[in-house]
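For reference, the structure is listed below as structure tokens.
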Amino acid sequence: MSVHDKTASVAPVAADDRPTVLSVRNLDISVRTEAGILPLVQNLSFDLQRGETLAIAGESGSGKSLTSLAIMGLLPPPAVHVASGEILFDGEDLTKLPETRLQRLRGDRIAMIFQEPMTALNPVMRIGDQLTEAIRAHEPMSARAARVRALNALQAVRLTEPERRLKQYPHELSGGMRQRVVIAIAIALRPDVMIADEPTTALDVTVQREVLDLLRDLATDMGMALILITHDMGVVAEMADRVLVMQKGQLVEQAPVHALFSTPQMPYTQQLLSSVPRMGKGRDSTVDTSACPLVSIRDLRVTYDLRGGILDRVQARVHAVEKINFDIFVGETFAVVGESGCGKSTVARALTGLVPHQGVIELEGKLMLRDRVSQKANTRAMQMVFQDPMAALNGRMTVGDLVREPLVIHAIGTAQSRADRAAELFERVGLGTDALDRYPHEFSGGQRQRICIARALALNPKLIIADESVSALDVSVQATVLDLLQELKAEFGMSYLFISHDMAVVENFADRVAVMYLGQIVEIGSSAQVFGNPQHQYTRRLIAAAPYPDPSRPIPPRGKLATELKSPVLPVGQSPEILRYQSIGEGHLVAV
């Protein structure tokens with residue numbers, strides 16, 4: 001059977017008996033700088049077998065993504081280039097192929113899921129057009145047939161209302177939804193080799209579970225080889241057959257997944273695994289909830305009108321957030337978890353005044369006003385770390401200027417004190433001061449997120465709203481940043497609104513947790529209460545879906561909610577059912 005036959009099913013066999021589809025031999029990747037040529041990846045060699053899942057793990061900047069870009073022929077020319085070595089695919093050295101030949105291979109034979117969905121999608125094209133364009137570029141078919149294929153791909157990644165999504169633009173979708181679109185584009189052509197660069201970074205745990213199952217099924221059914229680049233060691237444990245660990249552009253350790261987790265040989269691998277947060281029974285909150293809250297939210301409601309028809313009238317309404325109530329206390333980390341599109345980020349944007357809303361929001365007992373003067377004071381008291389670091393950073397400013405910018409806007413300090421503050425923050429988030437004069441595109445995704453965190457800290461805010469703030473970080477840097485946030489909280493009495501899909505991180509970091517489903521909170525309580533004794537079926541499903549960093553642990557059976565995910569879109573005049581709650585312990589409420 002030919003490897004070109006994408007419709008055939010290949011039974012899984014032992015790794016040693018599988019044919020090799022990709023071989024990397026003595027790969028060196030370098031960058032030309034004013035100081036000369038600097039090595040980025042050195043002497044990297046590995047084989048990828050058909051039907052195998054090979055995970056590449058390591059810190060941000062270790063060369064994981066550069067290796068994948070070299071395989072795809074997408075290294076940014078002319079500065080970054082393959083200095084030596086071979087990348088052999090189907091008998092051809094990809095490093096020697098002309099661009100026209102590489103274009104035919106990309107997407108069709110070798111596909112890639114990129115880390116940052118907003119930069120991977122064309123912002124001025126509808127989702128359906130982007131899918132059908134990719135499909136028809138490689139397979140001759142009618143527009144109607146391509147649209148059916150595109151719809152099937154969106155359904156495969158469990159995107160709600162796929163027909164409507166085909167007509168939308170990327171900015172109309174949440175971060176997790178955009179990532180599912182990127183995955184749909186990659187799987188639409190059923191490639192022989194799939195490179196997944198942090199494919200589930202922006203996804204909540206339940207959708208992550210389904211996407212991982214999907215990728216696993218594709219690898220099994222098609223004999224597709226998968227290169228999985230991830231910092232989530234739980235994902236590595238569940239998905240990988242073999243693991244490569246990289247550090248500073250070099251291969252540190254390579255082993256089958258069970259051997260790597262049970263008996264890691266190298267100190268760096270041991271450190272990496274020791275940094276992984278693990279789920280237990282939650283942590284008890286030490287926050288005084290009898291004191292006056294720093295932030296109080298009452299009956300928060302956010303809706304969006306959907307227009308259509310000849311007269312462009314309002315035909316339906318998106319109920320993004322409905323009747324949200326919670327407090328955040330001084331020195332508290334309050335976490336919000338839930339599926340993509342459930343309203344987590346909308347709550348954060350309403351709190352910062354970025355979306356129109358109804359309800360009452362108070363800061364230190366005072367109603368938050370939205371006039372120009374009040375808004376500036378609010379932004380000094382509350383800073384936000386967004387989910388997509390590349391979209392949050394101005395690509396034409398140096399990162400040093402970006403960190404100093406909040407101080408300039410609020411007229412704080414002198415030029416020298418601002419420079420000193422930026423240097424201090426870069427050291428605190430694990431970046432050297434030599435990086436201050438560089439631009440955002442010169443950093444990896446995880447490094448860019450650290451820059452965003454440094455900028456948020458510049459004004460010493462009372463509340464930091466962290467929207468997936470550590471989702472792009474590898475586990476060792478993630479642990480360092482979380483430790484830093486804890487130190488700042490202890491030192492300055494700072495509070496956090498922590499939005500995350502990583503249940504292990506939330507359990508180990510948050511004092512209290514609110515679980516959101518379809519725009520409403522279904523359970524709220526201390527971390528120990530919610531994780532140690534979850535009451536709502538949706539909370540239990542979230543916890544069960546979280547990847548666990550132990551390859552010997554059985555993968556949880558696939559399950560679905562008794563009631564499948566509903567749509568937040570309702571006809572005009574119809575309101576969603578408002579949940580009722582019961583108390584099952586002090587401060588622990590659950591929807592009934």
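Using a 4.0 Å cut-off between charged side-chain N and carboxylate O, Asp327 and Arg512 make no salt bridge. Electrostatic pairing of Lys167 and Glu161 does not count as a salt bridge here, judged by no charged N lying under 4.0 Å from a carboxylate O. A salt bridge is absent between Asp550 and Arg278; no separation between the charged side-chain nitrogens and carboxylate oxygens falls under 4.0 Å. Between Glu487 and Arg428 there is a salt bridge, since a side-chain N of the basic residue sits under 4.0 Å from a carboxylate O of the acidic one.
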Phe498 and Phe509: ring pair (Phe, Tyr, Trp, His ring centres under 6.0 Å), yes or no, with the steps? CA-CA 9 Å; Phe498 193 76; Phe509 186 63; 4.9 Å; yes

Verdict with reasoning, Met516 to Val522, per side-chain contact (heavy atoms from CB on, under 4.5 Å): CA-CA 6 Å; Met516 287 190 68; Val522 297; over 6 Å; no

Evaluation steps, side-chain contact (heavy atoms from CB on, under 4.5 Å), between Leu463 and Met494: CA-CA 6 Å; Leu463 175 70; Met494 192 179 296; over 6 Å; no

For side-chain contact (heavy atoms from CB on, under 4.5 Å), just list the numbers for Leu589 and Glu523, CA-CA rounded to whole Å, side-chain angles, deciding distance to a tenth of an Å, and then say yes or no. CA-CA 6 Å; Leu589 301 176; Glu523 188 163 356; over 6 Å; no

Tell me, with the steps shown, if Met384 and Thr379 meet side-chain contact (heavy atoms from CB on, under 4.5 Å). CA-CA 9 Å; Met384 190 164 180; Thr379 58; over 6 Å; no

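For the residue pair Thr539 and Pro534, the shortest heavy atom distance occurs at CG2-CB, 3.7 Å. Taking every heavy atom of both residues into account, Val385 and Gln449 meet most closely at CG1-OE1, 3.7 Å.
Side-chain contact, His588 with Gln535: no donor N or O sits under 3.5 Å from an acceptor N or O. Side-chain contact check for Arg165 and Gln168: at least one donor-acceptor pair (N or O, by modelled atom type) lies under 3.5 Å. Using modelled atom types, one finds no donor on one side chain facing an acceptor on the other under 3.5 Å when comparing Ser495 with Glu332.
Taking the six-membered ring where the residue is Trp, Tyr169 and His171 present parallel rings, their angle staying beneath 30° rather than reaching 60°.
Glu172 is linked by a salt bridge (Lys or Arg N to Asp or Glu O under 4.0 Å) to nothing, counting only residues two or more places apart in sequence or in another chain. Judged as a salt bridge (Lys or Arg N to Asp or Glu O under 4.0 Å), and not counting sequence neighbours, Asp483 has no contacts.
From Asp197, atom CG reaches atom CG of Leu228 across 9.5 Å, with rounding to the nearest 0.5 Å. Between atom CG of residue Leu425 and atom CG of residue Leu431 there is a gap of 11.0 Å, rounded to the nearest 0.5 Å.
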All N/O donor-acceptor pairs, side-chain side in residues 354-369, below 3.5 Å, sequence neighbours left out:
{"unit_1": "His357", "atom_1": "ND1", "unit_2": "Val355", "atom_2": "O", "d": "3.2"}
{"unit_1": "Gln358", "atom_1": "OE1", "unit_2": "Arg301", "atom_2": "NH1", "d": "2.8"}
{"unit_1": "Glu364", "atom_1": "OE1", "unit_2": "Lys462", "atom_2": "NZ", "d": "2.9"}
{"unit_1": "Glu364", "atom_1": "OE2", "unit_2": "Lys462", "atom_2": "NZ", "d": "3.0"}

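In this structure, Arg553 is positioned above the aromatic face of Tyr548, its NZ or CZ under 6.0 Å from the six-membered ring centre and within 45° of the axis.
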